[in-house]
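By convention in this document, chain letters (A, B, ...) are assigned in the order of the sequence lines, proteins followed by strands, and residues within each chain are numbered from 1.
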Amino acid sequence: MSDPKLELQCPPGSGVAEILTLLAARWRLAEEPARALSRAFYDTFDWALFADGGALERRAGPQDPSAGTELVWSPLERPSHAQPEALVQSAPAELGFAAELEDGPVRSRILGVAGIRRLLPVMGVEGRSRTLRALDDDDKTLWRATLDELRFQDPVSGRTGELAARVRILPLRGYDEERDALLDQLTFELGLSPAQDPALLEALRAAGRQPCDYSSKIDFRLAPRDRADAVTKTILRALLETIERNRAGAQANLDSEFLHDLRVAVRRTRSALTQIRSVLPEPVVSHYKERFAWVQQVTGPVRDLDVYLLDFGDYQASLPPPLRPLLEPMRSFILAHYDEEQRRLAGILDGTELKELLTQWRAFLEAPVPDSPEATDAARSIKSVADVRIWRMAKRVRREGRAITPESPAADLHELRKSCKKLRYLMEFFQSLYPEDEVRPLIRLLKELLDNLGSFQDLAVQAANLRELAGRMRAEGRGDTDTLLAMGALVGQVLERQQRARDNFGVVFAGFLDGDNQDRLRRLFHARQDQGPDQDPDRECDPQRAQVAAAPSGAGD
Amino acid sequence: MKVIGVYNIKGGVGKTAAAVNLAYLSAIAGYRTLLWDLDPQAAATYYFRVKARVRGGGKALLRGDQGLDASIKGTDFERLDLLPAEFSLRNMDLLLEEQKGPTKRLLRLLRPQAPTYDHCLLDCPPSISLVSENVFRAADLLLVPLIPTILSARTLDQLLDFLEGHPRHRGLKVRPFFSMVDRRRRLHRELMERLPERYPCFLSAAIPYSSEVERMGIHRMPLIAYAPSNPAAEAYQALWAQISAALAERDGSPPDQSRVLAP
């Protein structure tokens with residue numbers, strides 16, 4: 001059992017030599033040969049393991065040198081009764097994805113957390129570890145202690161530096177008095193204090209690194225009275241940041257999420273350009289809408305292949321067992337084309353065209369907003385612009401959703417999905433302008449609706465893509481009859497699931513139409529608005545409106 | 001927790017050397033192991049350099065005043081703890097007689113240790129006594145080291161007769177093995193052929209006589225820790241493999257491979 005009280009940290013300016021001298025004055029010491037210590041910490045690009053309260057490391061060194069390199073997961077918080085202690089299994093030569101690890105306690109712990117993200121080095125701690133033993137007159141060990149001299153090595157910035165030396169007491173059962181005497185000596189004579197943080201946190205701090213410094217989630221702190229154009233630039237700058245931070249990972253194809261996050265940020269950028277209307281100069285908006293549409297388009301093929309590969313397990317599982325192996329040629333076919341597509345994508349991501357686009361875009365976003373802007377709403381407060389945009393889009397979603405019948409063509413559902421996505425993005429951009437407990441449930445509701453529409457739409461696309469893929473495989477002589485039949489069965493499955501998603505649409509959309517939610521929408525986004533016809537073009541054709549207005553509303557208008 | 005008694009009516013048969021080396025092998029195989037030195041001669045305690053005393057004395061220990069916890073000592077080897085011998089336990093029979101349920105005392109004292117240890121080895125004093133009856137009650141497996149001599153064979157008969165005569169011990173799994181074997185002696189070789197025919201429960205691993213085993217008193221550590229390739233050390237390892245198999249026969253649970261370390 002490890003006891004957090006038994007790991008101590010040297011005060012600045014004192015080191016291992018001093019500790020050794022003082023301990024030797026009191027104890028009969030035996031020293032084992034010093035060993036090199038190497039701890040390499042890993043996490044996903046979005047710090048999923050850290051956020052989950054754990055640190056993953058490859059450890060070569062004093063723990064058990066005979067065991068070779070170990071993979072260790074340990075809790076970031078000090079172990080308590082409720083928390084697990086460190087988990088250990090042997091480490092592979094190279095760390096990639098959690099799923100690739102051999103079965104073991106560390107794999108089980110992190111598999112669901114790291115998911116499909118690659119484990120990347122975030123911090124290194126190197127050093128030298130000595131193990132001391134205190135002996136009695138029979139040469140019986142009374143306690144063991146390790147003395148570690150440590151340095152951090154930041155794999156991201158390349159910086160290195162000193163860390164405080166650490167002493168860990170490894171007590172032996174039945175020798176409590178000796179352990180306490182050692183602890184007292186280290187604390188009172190040598191001024192050591194309990195180590196406050198796990199080595200990872202200490203090293204990150206020493207290296208000036210901030211954990212959890214990347215998230216694809218949108219979380220802007222906006223001030224309601226700020227100028228709309230300035231705030232819009234802030235939002236777009238943050239999205240540009242996400243695009244740029246994911247570029248290298250997508251180019252190197254570290255994992256599929258880099259490209260995915262990049263594409264989502266591009267989609268949000270385009271949505272913001274379209275939806276936050278009359279705020280930025282029109283020529284700028286149309287130019288960059290077109291340029292980012294190009295980015296979306298050229299990054300599409302690899303993403304499509306990623307989705308095939310990510311879904312492949314599910315595809316296989318959805319078929320009856322005898323058909324499952326027949327699908328393998330499909331995977332081989334995708335993999336055969338993958339490298340070529342990825343190479344092309346890497347060329348684009350590293351190419352001048354994209355770099356120039358991003359540089360120019362940054363220059364525009366970082367330029368100060370003009371005193372007398374040309375766009376009509378540029379100088380209005382962001383809150384008033386957000387109210388209008390969200391309210392209008394909410395009404396559009398309501399109108400389009402209510403028009404959906406079991407006979408509606410798939411295109412109508414697709415349009416509704418696009419509207420829902422726009423509404424969700426708008427609410428996410430501007431959520432900090434509204435009370436959190438009010439706006440959050442609406443975003444959740446939209447996510448649910450989007451999941452339903454998404455599965456309907458994605459399944460339709462999947463079915464079409466699978467048919468197209470089957471056609472290409474046949475044309476290239478890569479799909480035998482059995483495989484093509486299995487793919488046919490798969491298309492059947494997908495279409496069935498699509499039908500189920502469609503059947504479920506009514507229930508999910510009823511949640512959105514629910515009186516409480518409509519009240520909330522009105523209260524949040526329409527409360528203080530001028531309801532002139534130019535602000536509310538849907539008024540005449542919105543039968544729902546009278547009903548909603550008649551419903552009791554806390555805010556009133 | 002599996003309790004393994006190492007026992008013979010007769011002394012000087014390599015019992016303590018077996019208990020010490022088997023406990024060490026259990027620990028390095030990853031099992032949390034406790035070795036209880038029940039022999040007042042305290043040889044096992046000496047081999048691990050631990051002082052032969054228990055907190056409050058033997059009487060308090062048997063009464064269970066503080067449980068066994070207060071007296072258990074960590075050895076210098078990972079996962080291996082020792083409950084030292086105590087000179088006052090030379091009168092253990094008398095002390096046991098004073099207790100309620102005198103044949104179940106050890107079993108009762110060991111029960112609270114079950115969550116802490118996977119294996120407990122008992123290094124037992126020779127003779128058939130109240131102490132050995134306690135060992136028979138507590139143990140899942142009784143290992144009986146035997147020197148291949150006529151007298152030794154007789155002690156095995158005596159033991160098996162005794163267990164047969166006491167229905168409550170009939171379930172005890174008894175596994176004799178040859179110890180201090182000198183293959184240059186014809187009698188040893190002959191008995192090693194004949195006895196296993198008569199007693200099919202014999203383990204086939206046999207510990208050869210080795211002066212290196214006697215040197216454990218100088219090194220004060222298990223033979224395997226300082227002379228792992230000595231023939232006796234290798235024989236202990238073969239013996240441990242057979243014991244593991246015998247233990248697994250009962251419940252089939254393999255050792256827990258996942259290890260837990262301090263962060």
Side-chain angles (χ1 to χ4, degrees), chain A residues 1-4 6-7 30 39 54-55 57 59 62-64 66-67 70-79 83-90 103-109 133 135-144 146 168-176 178-179 195 197-200, chain B residues 27-30 32-37 42-56 61 66-86 113 115-117 120 217-221 225-226 228 254-263:
Chain A
M1 287 284 162
S2 84
D3 181 342
L6 300 180
E7 184 157 356
R39 305 172 71 176
E57 61 179 297
R59 194 187 274 181
Q63 298 302 324
D64 188 355
S66 62
E70 290 177 327
L71 196 61
V72 183
W73 179 94
S74 44
L76 287 171
E77 293 288 317
R78 289 286 169 193
Q83 268 177 325
E85 284 197 68
L87 306 169
V88 183
Q89 70 178 70
S90 67
D103 277 339
V106 176
R107 182 186 192 268
S108 311
R109 183 67 187 73
R133 290 188 297 137
L135 306 175
D136 70 3
D137 48 7
D138 283 322
D139 287 344
K140 169 76 181 78
T141 307
L142 303 172
W143 49 253
R144 274 194 209 87
T146 58
R168 191 168 54 234
I169 304 175
L170 310 165
L172 278 180
R173 185 164 181 183
Y175 296 90
D176 300 0
E178 290 82 357
R179 176 203 59 201
D197 288 321
L200 171 61
Chain B
I28 58 175
R32 298 163 302 160
T33 306
L34 175 67
L35 172 61
W36 188 350
D37 188 356
T45 304
Y46 180 81
Y47 285 147
F48 284 111
R49 304 167 187 262
V50 175
K51 308 271 188 251
R53 58 172 174 251
V54 297
R55 189 164 291 188
L61 184 76
Q66 294 179 301
L68 302 181
D69 287 327
S71 298
I72 293 175
K73 296 282 185 189
T75 69
D76 289 6
F77 304 99
E78 208 180 340
R79 292 183 291 276
L80 179 53
D81 291 347
L82 177 88
L83 184 52
E86 155 75 41
Q113 299 301 322
T116 313
Y117 296 103
C120 170
I218 295 167
H219 291 282
R220 297 186 73 178
M221 62 179 79
Y226 65 86
D256 185 6
Q257 291 300 318
S258 68
R259 285 176 303 128
V260 165
L261 275 191

Next item on the list: Before accepting this row, confirm whether a basic side-chain N of the pair A/D139/B/R220 lies closer than 4.0 Å to the acidic partner's carboxylate O.
Entry: no
Item checked: salt bridge (charged side-chain N to carboxylate O under 4.0 Å, His left out) involving A/R133 - partner list, sequence neighbours excluded -> A/E32, B/D76
Note to self: For B/R53, give me all partners under side-chain hydrogen bond (donor to acceptor under 3.5 Å, both in side chains), at least two apart in sequence or on another chain.
What the structure shows: none
Next item on the list: Begin with the C-alpha distance, continue with both residues' side-chain angles, and end with the deciding distance and a verdict on side-chain contact (heavy atoms from CB on, under 4.5 Å) for B/L34 and A/R173.
Entry: CA-CA 11 Å; B/L34 175 67; A/R173 185 164 181 183; over 6 Å; no
Item checked: Neighbours of chain A found in residues 42-50 of chain B - heavy atoms under 4.5 Å -> B/F48, B/R49, B/V50
Next item on the list: Mind checking ring-ring contact (aromatic ring centres under 6.0 Å, His included) for B/Y117 and listing every partner two or more places apart, or none if nothing turns up?
Entry: none
Margin query: Please classify the contact between A/D176 and chain B as side chain, backbone, both or neither, with a heavy-atom cut-off of under 4.5 Å.
Written below: neither
Check: Pick from A/L172, A/V106, A/L142, A/T141: which one has the most heavy-atom pairs with chain B under 4.5 Å?
Finding: A/T141
